[in-house]
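Written out below as structure tokens is the structure these notes cover.
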There are 2 protein chains.
Amino acid sequence: MIQIDLSDHRPLYEQIKDKIKELIITGAVAENEKIPSVRELAQQLTINPNTIQHAYKDLELEGFIYSVRAKGSFVASASHIKKKTQMQELKTAFAGDVKQACFLGVSKDELIRTINEIYREQEMTADDQSNECC
Amino acid sequence: MIQIDLSDHRPLYEQIKDKIKELIITGAVAENEKIPSVRELAQQLTINPNTIQHAYKDLELEGFIYSVRAKGSFVASASHIKKKTQMQELKTAFAGDVKQACFLGVSKDELIRTINEIYREQEMTADDQSNECC
DNA sequence: TAACTGTATTATAATGACTAATACAGTTAG
DNA sequence: CTAACTGTATTAGTCATTATAATACAGTTA
């Protein structure tokens, strides 16, 4: 489900957060679906449970998951996500990428083509799970 | 020329790297133009010279600047930039951002509009400095 | 009851970021 | 030539963050 990249120098809990966000965003895990327990994922990745807990706590704060004591952690519905914060970060990140792409000589068309491809993929997976995303 | 953002929790040297990259990318500093000396910038930002040196060393490795002992550090020509590495990273970053944008309900048109704006700006500053970028 | 959940706490080790203080070698302007 | 500036290197020490370790408690579920 998730794999740690040792060549990535960011903190483990950040990597885990991003990987789980990715799974949610791509629709690999559906709304209200259970994600691995803190201890289970820790064992799977051979890292400390506290590190997983750290990631899950953050994800809950950002609205991506919700945790229920004695039951587990689950994917939240899209409406619970703190979109304003996410959007803010996304905006600057996206603009930065585009500037760099421009600088590196990537054509506008190529960027737009990439966007179209990704949106098409996302729409398809969204249909599979009757998700109103996109 | 550069300002430190205390609310940004990334390392100082990373911030400095990005700011200088930005200046180069946007054409605010031209090829072979001198950038502030290690000590000068350190004093300006009231941080340690070693931190600036760290940033400059990285930037040189990535091909954005070149440093000459006893003379200073200068903006490298575009051809020296390690484009393959940059492109690789850019590609995944861009794709990730687009996926997230899609997920957050941003329309394709809005992304494309942003791209157009940025490319227009960049082309203008590029014209000013007769730079063949974009 | 046993085995599983999330959650919390405390202590400790390890790593990375930053500062500080120097030092050396080379350039350049006065 | 000298003084003041450059990049570069080294060593040491501080500090914050990250990660681990070892427990503990409370609630669910088969």
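Given the structure is predicted, the values throughout are model-derived calculations rather than measurements. Protein chains get the first letters and strands the later ones, always in sequence-line order, with residue 1 at the start of each.
Distance CG (B:L6) to P (C:dC18): 12 Å, rounded to an integer number of Å. Between the CZ atom of B:R10 and the P atom of D:dT17 there is a distance of 16 Å, rounded to whole Å. For A:L12 and C:dT15, the CG to C1' distance is 12 Å, given to the nearest whole Å. Between the CD atom of B:E14 and the P atom of D:dT17 there is a distance of 17 Å, rounded to whole Å. When the P atom of D:dT17 is taken as reference, atom CG of A:D58 falls 14 Å away, rounded to whole Å. Between the P atom of D:dA21 and the CD atom of A:Q43 lies a distance of 13 Å, rounded to the nearest Å. Rounding to whole angstrom units, CG of residue B:L45 and P of C:dC18 are separated by 12 Å. Rounded to whole angstrom, the span from the NE2 atom of B:H54 across to the P atom of C:dA20 amounts to 18 Å.
Tracing side-chain contacts under 4.5 Å through hydrophobic residues (I, L, V, M, F, W, Y), one never reaches B:Y13 starting from B:F64; they form parts of separate clusters. Both A:V98 and B:M87 are members of a single hydrophobic cluster when ILVMFWY side chains are connected at heavy-atom separations under 4.5 Å. By the criterion of side-chain heavy atoms lying less than 4.5 angstrom apart, applied directly or through intervening Ile, Leu, Val, Met, Phe, Trp or Tyr residues, A:L41 is grouped together with A:I4 in one hydrophobic cluster.
For the strand DNA chain D, secondary-structure stems (runs of at least three Watson-Crick or G-U pairs, all distances below 3.5 Å) span C:1-30 with D:1-30.
Within a 6.0 Å radius of NZ in B:K57, other residues, nucleotides and ligands contribute 12 heavy atoms or fewer.
The phosphate of C:dA17 has neither OP1 nor OP2 within less than 4.0 Å of any side-chain N or O from B:T51. An OP1 or OP2 oxygen of D:dT18 is reached within less than 4.0 angstrom by a side-chain nitrogen or oxygen of A:Y13.
We find that B:E121 and A:K99 are not joined by a salt bridge, their nearest charged nitrogen and carboxylate oxygen being 4.0 Å or further apart.
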Query raised in the report: Which parts of nucleotides 2-13 of chain C does protein reach within less than 4.0 Å, heavy atoms only, written one letter per nucleotide 5' to 3' as B for base, S for sugar-phosphate only and - for none?
Result: ---BBBBB----

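Remark: the backbone N or O of A:K19 is not paired with any side-chain donor or acceptor of A:E22 at under 3.5 angstrom.
By the 4.5 Å heavy-atom criterion applied to side chains, A:L90 and B:L104 are counted as neighbours.
Between the OG atom in B:S77 and the OH atom in B:Y66 there is a gap of 8.0 Å [rounded to 0.5 Å].
Of the candidates A:K82, A:K17, A:K84, A:K83, A:K17 is the only one forming a salt bridge (charged side-chain N to carboxylate O under 4.0 Å, His left out) with A:E62.
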